[in-house]
Amino acid sequence: MPATTMDQLVSLCKRRGFIFQSGDIYGGLQGVYDFGPLGVELKNNLKAAWWRSMVYERDDIEGLDSSILTLRTVLVYSGHEDTFTDPLVDCKKCKNRMRADQIVDGKCPQCGSTDLTEPRDFNLMFKTNVGPVASETSTAYLRPETAQGIFTQFKNVVDSTGRRAPFGIAQIGKSFRNEITPRNFIFRVREFEQMELEFFVPPKDDEKWHEFWKNERLKWWKEQGLKEENIKIVAVAPEDLAHYSKATYDLYYNFPIGYEELEGVANRRDYDLGNHTKGQKDLELQAHVHPNKDSTSKLALFDDETKKWYVPFVIEPSAGVERGVLAVLTEAYTEEELPNGETRIVLKLKKHLSPIKVAVIPLKRNQPEIVKMAHDIKASLLKTGIGRIALEDSGNVGKAYRRHDEVGTPFCVTVDFESIEQSPATVTVRDRDTMQQERVKVEDLPEYFKRAFL
Ligand code: GAP
């Protein structure tokens, strides 16, 4: 187990405004969380790093933002309506409701009773109705994975971009699952975000690309600050594979609750594109229309060598944003003993993930010249585009350092009397991790930080 505990993270996240329970003032909605002023920055930074590595840095991936509300037919043909279930068991004695895999030696983990109901399949999808009249035909779902939006827009993306395999479509967005037992803070929740890539490859190359993406994803998580020794890659046992998968690697991270899944890298074969092609044919038949002779090639690619259409295989790295946030917080949380006996809490986040990049602190809040210089410095640093710059005008430098250590701000800039007296003007720059301070010319600050955040 890592040294960081869940209690330490929950407490820091609430105290400093990273994560709050949804509907907190009314007792809270279970399994649903809101991201506060700093949480939204951290989450956006993690998503931006993923998007950059997938869509901007590669030449073979396009982006997409598909809808959350999903046509029922899509989730019928994807297999989710029939198979996206968890077995649910009730304890007749204490009324505890649990997933069947949470039963310990045939006993309820809450009261120890063996008087349990038979497992019943419980579909995890949230159902709703589109339009004013609730009926079978108006049923829609909140998507349980972002992937289906990618599969159903496959043809539009291919037609509009002229892509040939291997190529991918990347998407970040909300997914919803009515988890029977949401738990462990933001680890298992009912509303969450996924960062998913569907990478389409010729069927003969599937295993090569599966290995490739497993390795890429491990590398990326390390760039987000996770230590390799805290990540385990596990090949999912055949009997535990999802209904669409030929093979899956799970990346496990050493969370405060032990090793648990952070990301899955699945080989989804031609399952989804194949089923949606079949779906279109079925609907044409039901409408007594002769199936379009093109139907089988609708969700397919043209092979220039064989001059034939084929359904590509799909390799899918799929990561949860909340689990990513929890992992980087777990890794970054540090308590250090200072020489004066005090404990310093410091969030050693990778700089690109830090919610605030630089805090500018005027030594005195009632000294107009000092305050003005701090405002000017903030404005000049904002122009560099490195991210959020905070102006800390509490008038207490020690307190500001403590606060910014706790929220992971990599640098604090302090404007003091020397700053306004000297020419050229200088300020103190303090490094979060080493606590070392150096004087830097004000005119050099934009370049100094641009280099630091490269
Ligand atoms: N499209 C494939 C897919 O959805 P999954 O293994 O069910 O596969 C992928 O989910 C990732 O989404 C998981 O590795 C996890 O990080 C995240 N995830 C899944 N269910 C979650 C939940 N209830 N709460 C938070 N994250 C979840």
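For ligands, and for the atoms within them, numbers begin at 1 and follow the listed sequence.
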Considering heavy atoms of the protein only, find what lies nearest to [atom] and give residue, atom and distance to 0.1 Å.
atom	result
atom 15 (C) of ligand 1	R323 NH1, 3.6 Å
atom 25 (C) of ligand 1	F187 O, 3.1 Å
atom 11 (C) of ligand 1	S318 O, 3.6 Å
atom 24 (N) of ligand 1	V189 N, 3.0 Å

Which of parallel (below 30°), tilted (30 to 60°) and perpendicular (above 60°) describes [X] and [Y]?
X	Y	result
Y271	H243	perpendicular
H80	Y244	tilted
F185	Y33	perpendicular
F453	F449	tilted

By number and element, which atoms of ligand 1 are closer than 4.0 Å to a non-hydrogen atom of [X]?
X	value
E263	14 (O)
E145	1 (N), 2 (C), 3 (C), 4 (O)
R268	1 (N), 2 (C)
E196	1 (N), 2 (C), 3 (C), 4 (O)
E316	1 (N), 2 (C)
Y244	2 (C), 3 (C), 8 (O)
G264	14 (O)
E179	22 (C), 23 (N)

Report yes if some N/O of [X] lies less than 3.5 Å from some N/O of ligand 1; otherwise report no.
X	answer
Q194	yes
G320	yes
E261	yes
F192	no
R188	no

Subject >> ligand 1 contact on L262 by region, counting heavy-atom pairs under 4.0 Å >> reply: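 Within the 4.0 Å criterion, L262 contacts ligand 1 through backbone atoms alone.
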SB check [X] [Y] (cutoff 4.0 Å):
X	Y	value
D206	K246	yes
E406	R16	yes
D304	R164	yes
E392	R403	yes

Original post:
Crowded around Y56 OH? As in, over 12 foreign heavy atoms under 6.0 Å?
Top reply: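 Incorrect, the count does not exceed 12.
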Original post:
Just by modelled atom types, is the T152 backbone N or O under 3.5 Å from a matching donor or acceptor in the K155 side chain?
Top reply: no
Original post:
Considering only heavy atoms, which of R177, Q148, E193 lies nearest to atom 19 (C) of ligand 1?
Top reply: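 Result: the heavy atom closest to atom 19 (C) of ligand 1 is in R177.
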Original post:
Is there a side-chain contact between L301 and P312, using heavy atoms and a 4.5 Å cut-off?
Top reply: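 L301 reaches P312 side chain to side chain.
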**OP:** With F200 as reference, evaluate F154, F313, Y310 under the ring pair (Phe, Tyr, Trp, His ring centres under 6.0 Å) test and give the passing residue.
**Re:**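 It is F154, the one option of F154, F313, Y310 that forms the ring pair (Phe, Tyr, Trp, His ring centres under 6.0 Å) with F200.
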